[in-house]
Each structure stands twice: as structure tokens, then as C-alpha cells.
Amino acid sequence: MSVREEFDQWATSGKDRGMEDRHWHTAKHVLARMPVEADDAVLDLGTGSGYALRALRERGIGRGYGLDGAPEMARNARSYTDDDAVGFLVGDFDALPFADDSLDHVFSMEAFYYAADPHNTLREIRRVLKPGGTFYCAVNYYAENEASHAWQDNISVEMTLWTREEYREAFREAGLYVAEQDAIPDREIEIPPESAFPTDDWESREAMVDRYRTWGTLLTVGVAP
Ligand SMILES: C[S@@+](CC[C@H](N)C(=O)[O-])C[C@H]1O[C@@H](n2cnc3c(N)ncnc32)[C@H](O)[C@@H]1O
């Protein structure tokens with residue numbers, strides 16, 4: 001199944017708002033760290049419901065672009081805001097429809113690993129960022145987070161499983177400096193008591209704690225020279 005087919009289905013069944021609720025637990029910490037300033041132009045790669053841009057507009061960015069490969073995601077995101085300074089585009093991570101050196105920051109939550117060619121996507125991000133611009137890349141699916149590996153079985157789009165080090169190396173290969181790398185735990189998701197396990201989703205409480213509290217979201221921050 002293509003990105004479009006897979007995620008159009010998610011959007012029409014309302015999963016975009018469910019993702020927003022879950023991802024917000026850690027995405028809000030990532031967004032809070034972004035050094036955005038008034039009038040900045042920010043791209044959200046794989047925008048889903050577009051919540052990140054709505055939040056960044058409250059901090060005064062001048063323009064937000066939400067790019068998504070699934071037209072139904074982009075359509076839903078458009079319907080959740082009437083803010084004309086935020087625009088939603090259908091496009092692919094392989095070819096970003098922006099001029100060289102045109103964006104101040106790029107954000108991406110739970111989307112980068114769906115890129116068909118992640119090295120090319122990083123080069124594209126490097127190309128569109130202004131000097132000193134940043135890429136805040138947040139992923140829950142990564143090698144050290146072993147409980148996340150099973151996700152690939154439920155999704156028809158091929159996913160890239162990199163280690164923390166592979167993220168840093170790939171950023172550098174694409175010409176980005178690595179300014180920061182950090183695992184942000186999800187402290188808000190409710191973890192039931194030991195007696196509730198196994199659940200439909202988790203074999204043991206330990207595995208759930210490991211997934212959310214220990215590994216959480218991997219944030220890698222790249223800076224364009
Ligand atoms: C798991 S969702 C995350 C959405 C949102 N960032 C969030 O935190 O809830 C991943 C999104 O990336 C989009 N996506 C995946 N691969 C893509 C690609 N190659 N090009 C453009 N969008 C893509 C999907 O359509 C989907 O909306």
C-alpha cells in the first residue's frame with residue numbers, strides 16, 4: 001500500500017486526532033525547545049492533523065506549511081483551523097516544494113522514518129533551510145526502542161529503523177550539524193498496575209514502561225550551516 005492509501009484511510013477513520021492526542025505528550029516538549037521567532041517560516045513534515053503548526057502559531061511564527069502525502073490528512077488539517085497563515089500541501093518527503101534557503105525551521109513528529117529514501121529527504125531539508133535553520137526530528141520508532149519494532153508488522157509502508165547513532169551520522173552526511181540528541185519520555189500515558197498485564201497490546205508492564213518512560217521519543221536536532 002502507498003503512503004497515500006495507508007494514511008488516507010487513517011484520516012477518514014479519525015485516527016489523525018487520536019495520533020494528535022497521543023503524540024502531544026512528547027511533541028509539546030519538542031515544540032517548546034524549538035527556537036522559533038516572530039515571522040519565522042516553519043515546515044511540518046508529515047503534518048497529520050496539523051496540531052504542531054497550530055501550536056507554533058500561538059508562539060508567533062509568521063507562516064506554517066504542513067506537508068503530507070495523504071490528501072485526506074491535509075484536508076482534515078485544513079478543516080481544523082481557519083488561520084490563513086497556515087497552509088497545507090500534498091507532497092512527498094522526496095522532493096520538498098520549497099526554494100533553497102527559504103525556511104527557518106523544519107519539524108517532524110512520527111513521520112520521518114516513512115521516507116522512501118531518508119538520506120535524500122535529509123538533503124532536501126538541508127537544501128530548503130536557511131543558514132542557521134534547524135530540523136527538529138522526533139521519532140518513536142528507532143532501534144534502541146525495541147518495543148516499537150513490531151509496528152512495522154501493522155503498517156504496509158516500509159519503515160526505516162535507525163539507531164541513535166545512525167540518525168546522527170545521516171544528519172552529518174546530509175550537511176547538517178547535530179546540535180542535540182535526546183530521548184523524551186512520555187510521562188502522561190497511563191500505565192496500568194502489574195495485575196492488568198498482559199493486556200491486548202502489552203505482554204508485560206515492564207515492556208510498556210520501557211517503551212514510554214525509558215525510551216519515549218528520540219529527538220535529533222540538526223542545524224544548517
Ligand atoms: C504517523 S503520522 C504522524 C502525523 C503527525 N506528525 C503527528 O504527530 O500526529 C505520519 C504522517 O506522515 C505522512 N507521511 C508518511 N510518509 C510520507 C511521505 N513519504 N511523504 C509525505 N508524507 C508522508 C503520513 O501521511 C502521515 O500523515
Side-chain angles (χ1 to χ4, degrees), residues 1-34 42-57 64-81 86-98 103 105-125 128 135-142 145 148-162 170 184 186 188-189 211-212 216-220:
M1 221 189 261
S2 65
V3 163
R4 180 187 182 131
E5 288 165 333
E6 174 84 41
F7 290 103
D8 268 351
Q9 276 183 11
W10 289 32
T12 48
S13 63
K15 274 195 185 180
D16 56 337
R17 291 318 283 259
M19 283 193 294
E20 170 175 338
D21 291 345
R22 280 195 314 282
H23 296 166
W24 183 248
H25 298 175
T26 54
K28 65 183 170 193
H29 299 294
V30 176
L31 292 165
R33 292 186 191 188
M34 288 180 73
V42 181
L43 167 63
D44 180 11
L45 265 191
T47 194
S49 73
Y51 66 85
L53 294 174
R54 299 197 303 272
L56 288 173
R57 276 285 290 158
Y65 302 97
L67 183 134
D68 205 287
E72 293 301 327
M73 283 285 183
R75 194 195 315 267
N76 280 2
R78 177 72 275 165
S79 74
Y80 301 146
T81 175
V86 175
F88 294 98
L89 316 136
V90 177
D92 194 89
F93 298 166
D94 268 349
L96 302 182
F98 297 93
L103 297 171
H105 305 284
V106 178
F107 167 84
S108 184
M109 175 78 186
E110 286 297 87
F112 176 79
Y113 46 70
Y114 293 117
D117 180 349
H119 294 283
N120 178 59
T121 297
L122 284 172
R123 285 192 295 272
E124 278 289 275
I125 291 166
V128 300
F135 175 35
Y136 275 67
C137 178
V139 294
N140 293 345
Y141 180 74
Y142 61 104
N145 191 353
S148 71
H149 296 186
W151 297 352
Q152 178 65 90
D153 302 338
N154 306 323
I155 292 195
S156 59
V157 180
E158 199 173 326
M159 298 157 76
T160 292
L161 187 64
W162 280 347
I184 301 174
D186 180 341
E188 290 175 39
I189 193 156
R211 152 73 185 85
Y212 289 105
T217 296
L218 176 67
L219 171 66
T220 308

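All ligand and atom numbering here is 1-based and tracks the order in the structure. Just so you know, residue 1 is the first one in the sequence shown, and it goes up from there.
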**Student:** Do the side chains of Phe107 and Leu53 get nearer than 4.5 Å, heavy atoms only?
**Tutor:** no

**Student:** What are the polar N/O contacts of ligand 1 with the protein below 3.5 Å, with distances?
**Tutor:**
residue  : atom   : partner : partner atom : Å
ligand 1 : 6 (N)  : Gly46   : O            : 2.8
ligand 1 : 6 (N)  : Met109  : O            : 2.9
ligand 1 : 8 (O)  : His23   : ND1          : 2.9
ligand 1 : 8 (O)  : Tyr51   : OH           : 2.7
ligand 1 : 9 (O)  : His23   : ND1          : 2.9
ligand 1 : 19 (N) : Asp92   : OD1          : 3.3
ligand 1 : 20 (N) : Phe93   : N            : 3.1
ligand 1 : 22 (N) : Gly69   : N            : 2.9
ligand 1 : 25 (O) : Asp68   : OD1          : 2.5
ligand 1 : 27 (O) : Asp68   : OD1          : 3.2
ligand 1 : 27 (O) : Asp68   : OD2          : 2.6

**Student:** Any side-chain heavy atom of Tyr141 within less than 4.5 Å of one from Gln152?
**Tutor:** yes

**Student:** Is it true that a side-chain atom of Asp186 and a backbone atom of His25 form a donor plus acceptor pair closer than 3.5 Å?
**Tutor:** no

**Student:** Is there a side-chain contact between Leu161 and Tyr113 in this structure, where contact means two heavy atoms from C-beta onward sitting under 4.5 Å apart?
**Tutor:** no

**Student:** State which residues pass salt bridge (charged side-chain N to carboxylate O under 4.0 Å, His left out) with Arg75; sequence neighbours excluded, sorted by chain then number.
**Tutor:** Glu72

**Student:** Charged N to carboxylate O under 4.0 angstrom, Glu20 versus Arg54?
**Tutor:** yes

